[in-house]
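Single-structure report; data block below.
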Amino acid sequence: AEIEHDRRVKDMQRNQAGLEELVRNMRVELENARDKNKTLQQQLHRKLEESSLVESRLSAMKGHEEHIRDLQAQVAKERVQRQAAERRIAVERDNSVQKMQGFEGDL
């Protein structure tokens, strides 16, 4: 009976040592998982910051594109106005030339 008791005690000690080793391994795995989670959270945070920066750059670019379109429209409008003014000047010049020729004819 004493031998059986000693054998059971040794089995229990081995089982306890195995369980303690398992707990240590699980703690190491848990710590590694926490480290990996922290790293992934940092990477996600950086990606979100980069994404926000890209979005603000895109928004700025859209604003620039709208400004460029406005400027192009303004240039086109001014071109039409200049062409109309050039036509008026040409007509006035032609009229003045005709009047001058008329005066010369009267002289």
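Residues meeting the side-chain contact (heavy atoms from CB on, under 4.5 Å) test with Arg57, sequence neighbours left out: Leu53. Under the side-chain contact (heavy atoms from CB on, under 4.5 Å) criterion, Val54 pairs with Leu58, sequence neighbours left out. With sequence neighbours excluded, no residue satisfies salt bridge (charged side-chain N to carboxylate O under 4.0 Å, His left out) with Arg87. Every residue meeting the side chain to side chain donor-acceptor pair (under 3.5 Å) condition with Arg7, not counting sequence neighbours, appears here in chain and number order: Glu4, Asp11. Every side chain to side chain donor-acceptor pair (under 3.5 Å) that Glu86 has, sequence neighbours left out, goes to Arg82. Remark: Asp94 pairs with no residue by the side-chain contact (heavy atoms from CB on, under 4.5 Å) rule, at least two apart or across chains.
Through side-chain heavy atoms spaced under 4.5 Å, either directly or across other Ile, Leu, Val, Met, Phe, Trp or Tyr residues, Ile3 is tied to no other residue.
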Listing, residues 64-76 side-chain donor-acceptor contacts under 3.5 Å, not counting sequence neighbours, or none:
{"from": "Gln74", "atom 1": "NE2", "to": "Glu78", "atom 2": "OE2", "distance (Å)": "3.2"}

Only distances under 3.5 Å count here; give the side-chain donor-acceptor pairs of residues 34-52 to other protein atoms, sequence neighbours excluded, each with its distance to 0.1 Å.
{"from": "Thr39", "atom 1": "OG1", "to": "Asp35", "atom 2": "O", "distance (Å)": "3.0"}
{"from": "His45", "atom 1": "NE2", "to": "Glu49", "atom 2": "OE2", "distance (Å)": "3.0"}

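Note on residues 18-28: pairs passing salt bridge (Lys or Arg N to Asp or Glu O under 4.0 Å), not counting sequence neighbours, are Glu21-Arg24.
Counting heavy atoms from C-beta on, the side chains of Met12 and Gln16 never come closer than 4.5 Å.
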